[in-house]
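All values below were derived from every heavy atom in this structure, side-chain atoms included, with hydrogens, water molecules and symmetry-related copies excluded. A, B, ... follow the sequence lines: proteins, then strands. Residue 1 opens every chain.
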There are 4 protein chains.
Amino acid sequence: MQVLKDEMKKNILRSALREFNRLGYRDASMRQIADTAGITPGNIYRYFASKEKMLHELLQPTYEQFVGYMLEIKQDLEDVSAMEPDNSLAFLHKIQSTIVRLFNQSSLELSVLMNKSEGSPYENVKQELTTVTYSILEKAFHTFQNGTARLQDEENQSAHMIASTIVEGMCIILREYEDGDTIERLVDELVRIYFTGIGDRINRS
Amino acid sequence: MQVLKDEMKKNILRSALREFNRLGYRDASMRQIADTAGITPGNIYRYFASKEKMLHELLQPTYEQFVGYMLEIKQDLEDVSAMEPDNSLAFLHKIQSTIVRLFNQSSLELSVLMNKSEGSPYENVKQELTTVTYSILEKAFHTFQNGTARLQDEENQSAHMIASTIVEGMCIILREYEDGDTIERLVDELVRIYFTGIGDRINRS
Amino acid sequence: MQVLKDEMKKNILRSALREFNRLGYRDASMRQIADTAGITPGNIYRYFASKEKMLHELLQPTYEQFVGYMLEIKQDLEDVSAMEPDNSLAFLHKIQSTIVRLFNQSSLELSVLMNKSEGSPYENVKQELTTVTYSILEKAFHTFQNGTARLQDEENQSAHMIASTIVEGMCIILREYEDGDTIERLVDELVRIYFTGIGDRINRS
Amino acid sequence: MQVLKDEMKKNILRSALREFNRLGYRDASMRQIADTAGITPGNIYRYFASKEKMLHELLQPTYEQFVGYMLEIKQDLEDVSAMEPDNSLAFLHKIQSTIVRLFNQSSLELSVLMNKSEGSPYENVKQELTTVTYSILEKAFHTFQNGTARLQDEENQSAHMIASTIVEGMCIILREYEDGDTIERLVDELVRIYFTGIGDRINRS
DNA sequence: TATGAATGAGGGTTCATTCAT
DNA sequence: TATGAATGAACCCTCATTCAT
């Protein structure tokens with residue numbers, strides 16, 4: 001054989017990862033992936049039955065871990081009746097550590113999973129993360145405003161916005177940095193900022 | 001005649017705006033835009049030389065304003081030697097009000113410009129906004145850490161991360177909400193959160 | 001428009017009919033159909049959403065009639081408890097007249113439907129015809145052997161063989177002749193042969 | 001070595017036979033044939049220059065016998081000036097026994113040759129059989145109508161139809177049944193039916 | 001000015017065949 | 001001799017764009 005079969009598979013997945021990250025799943029082209037891998041398009045199909053199966057093989061391990069982590073968090077969340085401030089921060093830290101752990105194992109895959117999977121069965125993964133984050137916030141908000149009034153639409157919107165932006169923030173960090181330690185530090189910082197603001201950084205007086 | 005032509009142009013642009021917002025620039029189809037506009041695909045090319053030129057005409061005004069606002073902010077920024085905390089918040093409010101103002105004038109165009117322009121020459125506009133935001137933060141951070149040590153790489157990265165995520169946060173809000181007041185409130189809340197955290201919302205004790 | 005849209009549609013269907021008859025549905029190529037029609041492959045898709053839809057549009061009217069006729073025959077068959085010889089011949093004449101009628105309305109379509117639809121949803125149509133024919137024969141055989149013994153496996157096989165060959169015989173006639181009257185005469189002759197043999201034709205003594 | 005090579009050839013041909021019978025020559029895949037044979041696709045080409053050559057080696061012996069038998073029948077036919085009824089039946093029995101003999105020697109090959117060779121140079125073999133059968137019928141018809149009138153077009157067409165359908169009938173039997181005795185019985189029955197009809201089967205009165 | 005039919009390049013995919021090993 | 005990876009042409013199909021009318 002011209003190239004070790006396993007080598008070639010990895011080679012193709014590497015190209016695919018690159019192209020998916022560049023253009024997204026839908027707009028990445030098998031021909032371009034083949035070119036990048038230095039082979040002909042038809043040859044890809046010796047290794048992967050279809051574009052979607054290729055994505056699957058690329059993302060499945062990461063996705064499965066993701067689902068597992070999410071499940072844990074959801075179950076933990078159900079066990080909590082009233083949520084203390086520290087508690088909600090702790091839950092956000094779980095989200096954070098999910099991201100960081102997944103990143104450390106498979107950074108680019110996670111990035112595709114979160115940001116570039118439109119048009120594939122994985123396109124709603126980020127939404128799942130956002131939803132869980134929202135659940136955390138909702139519980140936190142709800143608990144502490146219980147005495148005063150029912151959780152209002154505005155509060156809901158705010159929680160939604162915060163969940164979306166904090167999750168998206170994590171995704172950006174994944175997209176823009178490569179070093180694991182840097183990612184970890186920045187995600188941690190992001191979560192902290194959402195809790196305490198950047199005031200302490202710019203206001204030492 | 002010119003009037004008719006202008007009417008038709010607006011009509012087409014309206015459809016294009018809708019489709020770009022729905023599917024993004026790259027995946028929106030000229031035929032669908034034509035259908036939505038109630039004309040034929042070929043006819044679009046009487047008014048716009050290409051899909052890209054069409055996007056250009058759609059976004060150019062908003063983009064120019066955007067550039068103008070950015071320029072103002074940059075110049076203001078240059079005039080500030082030492083930045084006080086309140087000052088940096090004020091600057092962020094400028095970013096915020098840029099977004100809000102642009103939104104109020106051309107909400108959908110801004111959303112396309114920021115979120116749906118992948119594959120077009122505008123795909124990096126968000127980056128420009130991020131860069132300016134970064135400049136603000138850099139100056140703020142720099143000022144207040146001046147006494148202790150030189151601005152370190154880590155600080156730079158943090159500033160970059162904060163800039164990216166806060167800008168992306170605004171873009172998400174643009175993408176996910178339609179009502180102007182809601183947008184305004186949420187963007188404001190986002191900026192405030194970045195300064196003071198959500199602590200006051202969940203910790204009333 | 002360069003060519004009347006409806007003309008072109010008919011033109012394409014004519015080419016398709018030709019190619020389907022030549023190579024069968026599966027092996028006929030859209031490119032070749034386009035070439036035969038004097039257009040580009042892409043243009044076919046302005047007229048038909050897919051190869052399968054094209055076949056559908058080509059065969060549906062014929063198929064619907066076919067189904068209708070089959071239904072009638074099946075219902076008539078249910079109403080018959082004991083089948084006289086003349087009766088079974090009459091039933092075969094119904095099959096025969098179904099074929100002849102359908103042929104007179106749409107000869108090539110019927111030929112594709114019966115002989116060249118492998119790989120499409122219509123691939124089992126001939127089988128339906130064979131099954132109904134088998135039902136007729138089974139009833140006829142069963143009735144007249146009732147007194148002696150139960151219908152044996154061999155009888156079943158014979159009935160099956162006769163049904164298959166008589167139906168296929170009709171299909172061959174459809175395939176090889178074009179003139180309606182000829183078709184009608186030959187199909188009639190075929191059915192008669194199956195009942196009385198060709199003996200009377202070669203044995204006048 | 002030659003022995004090994006021959007073993008392998010037979011092995012491949014066995015797989016090819018299976019696949020050709022399953023899907024037909026055109027739609028059978030070399031890769032599947034290789035898989036079934038337990039070898040690699042490339043290796044097939046050590047033994048056969050192409051798919052077509054492979055089919056050739058598979059069918060050639062059967063085809064040559066077939067041609068030989070046909071020749072015999074044709075020559076016998078030439079020696080017969082006036083054909084008696086029994087004679088024509090006898091000739092049809094020769095056709096029949098050709099089929100049965102070939103089947104007993106190489107059942108699957110015969111089935112491919114007759115039914116599954118579309119897209120190959122053998123796709124018209126069935127036609128040859130039909131032509132000989134037609135010659136028999138023509139002579140029989142001609143003989144017995146000699147006194148009355150010239151052999152008419154209609155008679156020709158009838159003879160043609162009968163030849164086609166009886167041959168196709170035999171082919172169907174080859175296609176649909178596997179057991180030699182069953183084949184033999186059904187082919188015999190088919191020929192008898194063409195001579196005397198199924199009347200005796202359903203009309204015992 | 002407007003139509004919408006037509007094009008051509010490119011999409012994902014399959015498969016007989018070739019060829020480096 | 002045998003492997004199986006690789007090729008290239010063809011498959012069905014889509015879409016921005018062009019152009020005869």
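Summary of the strand contacts: D:P41 and B:G42 both lie near DNA chain E, and taking for each the nucleotide with the nearest heavy atom, the more 5' one is attributed to B:G42. Mapping B:S50 and C:Y45 onto DNA chain F via the closest heavy atom, the residue that lands nearer the 5' end is C:Y45. Checking B:N43 against D:I39, the closest nucleotide of DNA chain F that is more toward the 5' end is the one next to D:I39. Nearest-nucleotide positions on DNA chain E place C:G38 closer to the 5' end than the other of A:M30 and C:G38.
At a threshold of 4.0 angstrom between heavy atoms, the contacts of D:S29 are confined to the sugar-phosphate backbone, with no base atom among them. The residue D:A28 sits close only to the backbone: its heavy atoms come under 4.0 Å of sugar-phosphate atoms, none of a base. A:A37 comes within 4.0 angstrom of nothing in the nucleic acid, heavy atoms only. No contact: B:A34 has no heavy atom under 4.0 Å from any strand.
Stem regions annotated for DNA chain E: E:2-21 with F:2-21, counting only runs of 3 or more consecutive pairs of Watson-Crick or G-U type with both contacts under 3.5 Å.
Side-chain N or O atoms of D:N21 include one that pairs as donor or acceptor with a backbone N or O of D:L108 at under 3.5 Å. Proximity of a side-chain donor or acceptor of D:K126 to a complementary backbone N or O of D:L113 within less than 3.5 Å is not detected. Within the 3.5 Å criterion, the main-chain N or O of B:F48 finds no donor-acceptor partner in the side chain of B:K9. When atom types are taken as modelled, the side chain of A:Y25 and the backbone of A:E52 share a donor-acceptor pair closer than 3.5 angstrom.
In this model, a donor atom of one side chain and an acceptor atom of the other lie less than 3.5 Å apart for C:Q32 and C:T36.
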Show your reasoning for whether salt bridge (Lys or Arg N to Asp or Glu O under 4.0 Å) applies to C:K116 and D:E118.
-> CA-CA 12 Å; C:K116 302 289 188 171; D:E118 224 174 325; 3.3 Å; yes

Derivation of the side-chain hydrogen bond (donor to acceptor under 3.5 Å, both in side chains) call for D:E128 and D:Y122 | CA-CA 10 Å; D:E128 296 179 35; D:Y122 292 97; over 6 Å; no

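In this structure, the OH atom of C:Y47 is 8 Å from the C1' atom of E:dA6, given to the nearest Å. Per the geometry, NZ belonging to B:K9 stands 15 Å off C1' belonging to E:dT1, to the nearest Å. Residue C:Q32 contributes atom CD, which lies 11 Å from atom P of F:dC12 at whole-angstrom precision. Look at CG on C:D27: it is 16 Å from P on E:dT14, rounded to the nearest Å. Residue C:Y25 contributes atom OH, which lies 12 Å from atom C1' of F:dC11 at whole-angstrom precision. What separates CG of D:N11 from P of F:dT1 is a distance of 16 Å, to the nearest Å. Whole-Å rounding puts the D:R26 CZ to F:dA10 P distance at 16 Å. The CD1-C1' distance, from B:I33 to F:dT17, rounds to 13 Å in whole Å.
For the pair B:T40 and E:dG4, the criterion of a side-chain N or O lying under 4.0 Å from OP1 or OP2 is not met. When the side-chain nitrogen and oxygen atoms of B:R46 are compared with OP1 and OP2 of E:dA2, none of them lie within a distance under 4.0 Å.
The side-chain heavy atoms of D:M54 and D:F20, taken from C-beta on, include a pair separated by under 4.5 Å.
Judged by distance alone, with hydrogens and angles left aside, A:R31 brings a side-chain donor or acceptor within reach of the base of E:dG12, the pair sitting under 3.5 Å.
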